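FYI, the numbering just counts along the sequence from 1. Just follow the structure's listing: the first ligand is 1, and inside any ligand the first atom is 1. All values below come from the heavy atoms of this structure, side chains included, with hydrogens, waters and symmetry mates left out. Small disclaimer: the values here were computed from a predicted structure and weren't measured.
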Amino acid sequence: MKMVINGEWVGSLSDRTYTVKNPANGEAVGPVPLGVRDDVKRAADAAEEALSRWSGTSSHHRGQILARAAARIREQAEEIAIILTAEQGKPQREAIDEVRGSARVFEYYAGLSSNPLATIQRLEDGSEATVLREPIGVCGAILPWNMPALLMAWKVGPALLTGNTVVLKPATATPLTPLMMAAALHDAGLPNGVLNVVTGSGDEVGEEIVRSKQIRKVSFTGSTQTGKRIMTLAAHDLKRLTLELGGSDPMIICGDADIPKAVAGAVAGRFYNAGQICTAVKRLYVVDAVADQVIEQITEKVGQITVGDGMKPEVKMGPLSSMQGRESIRSVVRQVVDREEGRVIAGGELPQGDEYLRGNFYTPTLVTDVAPDSVLLREEIFGPVLPIVRVKDLNEAITAANSTRYGLGASVWTSDPKTIRVAVGGLKAGIVWVNQHLKIPPEVPFGGVKESGVGRENGMQSLDAYTEAKTVLVRL
Ligand code: NAD
């Protein structure tokens, strides 16, 4: 597939391509252009050129295009999901959920198109104050590889609705899904130049998006390390930033929780997308009184997860996205065992059998008796490994849950309203779930505190994030 600049499907000025590989078997999924800095320049030129026409249309018109794009994505959901599984590895069921979820996001923004953004008020001295919300201009969007369809919609939906134009860079590993989504948006009537997609590396294409003087805002989702680099680069022209970064979400199971539901929540929360989700359950804290029960039930459930190629209907967990990712998980688990930082009670090895030889597979892994300073509790582990920690009570759980540099999500599982209040007040996170984990509806703001990010996506807040306030004071 080619990339899209000014509504045309083009190769890179480098004339080079690279091959996207299927993480389940190493086979080629397809070639895409290896973009270079000058490709970002021509994408930014196209976006700049399209800006005044696009921002001059009504938000109703822009919303209608988003609604038609959503319908198109729904029609093509199965086709897009096949490509998503082929380039990313997730099981088909999860891929279809993600693609439909991205359509749902565009529908949400289409629905906001008749909401007035400006406010007017009369001041003490008789002046009339109008606060307009104007588009920022050309916006950069940089995506990770774990949820390419959904995260594209989180950025492109509000950016386009509010009249901005976009230069988007998909992750190197997963460019095809965003390119198919871009095609759906163009089929829905998006004018040329409003959304441009440049494929290529983070070092070249990503950095150029952040450095470009034509691009006034960057919305980035990815690791905390890259987020810090982007923040440094963005300082040179004070670019507006939204940074959605890494997480190490804690889940707390209290003594009065519905244990089977909590166990199901922990397993889905950790092993969905092979554990490669920013808000995956990355640390499980269980109150002593129910810990044995929880560990027994989780072990049983994890033993039932079928690992394999996501195209097979029986598969519940696909491969990791990259061999490097798989090897990093493998080495973390080895370190835990070698340094006696925990006891592996399930998984902790490569799955056996010919079907696994060519893919980046790892077995779902549970670790108990985890040392308080273990890497499993300190760092974001982006794969299917769940450390389980026993705690005396809720207070100890909250203190442990907060003892990380991350603060994306957190969940508490309990049936007691007072416990809910204490946990919600005590947990340092951008989102706190009660008796659930993972769900991120487009209607509510999402983002992290501490090193999990800056700003929020989704909800009405995302409209603020893609506009600048202009205050007009009129004395009549
Ligand atoms: P990553 O930081 O390696 O890459 C993300 C994107 O940034 C890719 O497109 C990459 O090519 C690009 N990039 C890399 N270096 C760059 C640079 N110097 N300048 C500009 N762009 C650059 O992250 P990843 O491995 O793709 O994704 C996994 C990470 O993303 C995890 O830490 C995960 O928690 C996080 N994540 C966060 C959220 C959230 O909403 N908070 C959602 C999904 C994933």
Side-chain angles (χ1 to χ4, degrees), residues 18 20 23 32 34-35 37 40 87-90 98 101 105 140-155 167-175 177-178 197-212 215 218-234 236 239 241-249 272-282 320-322 324-326 328-329 379-383 404-409 429-431 438 440 442 444-458 462 465:
Y18 71 94
V20 176
V32 289
L34 185 63
R37 293 196 165 82
V40 175
E87 65 178 351
Q88 201 274 342
K90 63 185 65 186
E98 183 184 335
V105 172
I142 302 178
L143 305 182
W145 45 262
N146 61 340
M147 307 283 281
L150 187 69
L151 299 180
M152 175 172 176
W154 281 12
K155 296 180 191 316
V167 176
L168 180 141
K169 186 194 108 56
T172 321
T174 55
T177 305
V197 181
V198 182
T199 49
S201 75
D203 290 346
E204 173 111 16
V205 174
E207 291 223 352
E208 189 57 23
I209 288 176
V210 186
R211 288 178 192 277
S212 166
I215 296 176
V218 169
S219 174
F220 166 80
T221 299
S223 62
T224 294
Q225 192 187 355
T226 310
K228 288 181 181 179
R229 167 88 184 136
I230 287 176
M231 198 166 200
T232 309
L233 289 176
H236 74 105
K239 209 164 255 130
L241 284 180
T242 301
L243 301 175
E244 297 287 1
L245 309 178
S248 177
D249 284 15
Y272 196 79
N273 203 19
Q276 305 162 113
I277 297 195
C278 52
T279 52
V281 173
K282 296 194 181 117
L320 279 92
S321 168
S322 68
Q324 192 196 0
R326 200 277 299 272
S328 119
I329 292 297
E379 295 301 329
E380 177 183 41
I381 308 299
F382 217 56
T404 151
R405 64 191 172 115
Y406 298 108
L408 199 53
I431 178 166
L438 270 194
I440 307 176
V444 287
F446 172 74
V449 301
K450 300 198 273 183
E451 293 191 26
S452 285
V454 173
R456 295 290 181 268
E457 290 190 304
N458 295 345
S462 62

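- Although no hydrogens or angles enter the test, the distance criterion places no donor-acceptor pair under 3.5 Å between the side chain of Lys169 and the main chain of Val40.
- No side-chain donor-acceptor contact under 3.5 Å links Gln276 to the backbone of Phe382.
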Under a 3.5 Å threshold, I'd like every N/O contact between ligand 1 and protein atoms, with atom names and distance.
from, atom 1, to, atom 2, distance (Å)
ligand 1, 2 (O), Ser223, N, 2.9
ligand 1, 2 (O), Ser223, OG, 2.8
ligand 1, 2 (O), Thr226, OG1, 2.8
ligand 1, 9 (O), Leu143, O, 2.7
ligand 1, 9 (O), Lys169, NZ, 3.2
ligand 1, 11 (O), Lys169, NZ, 2.9
ligand 1, 11 (O), Gly202, N, 3.4
ligand 1, 18 (N), Glu207, OE2, 2.8
ligand 1, 23 (O), Ser223, N, 3.3
ligand 1, 25 (O), Trp145, NE1, 2.9
ligand 1, 26 (O), Trp145, NE1, 3.0
ligand 1, 30 (O), Gly222, O, 3.3
ligand 1, 32 (O), Glu380, OE1, 2.7
ligand 1, 34 (O), Glu380, OE2, 2.6
ligand 1, 41 (N), Leu245, N, 3.2
ligand 1, 41 (N), Leu245, O, 2.8

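- By the side-chain contact (heavy atoms from CB on, under 4.5 Å) test, Pro144 pairs with Asn146, Leu151, Thr221, sequence neighbours left out.
- Residue pairs meeting the salt bridge (Lys or Arg N to Asp or Glu O under 4.0 Å) criterion with at least one partner in residues 219-232, sequence neighbours excluded, are Glu207-Arg229, Lys228-Glu451.
- Side chains of Glu457 and Ser219: a donor on one and an acceptor on the other come within 3.5 Å.
- Legend: residues meeting salt bridge (charged side-chain N to carboxylate O under 4.0 Å, His left out) with Glu98, ordered by chain and number and at least two apart, are Lys90.
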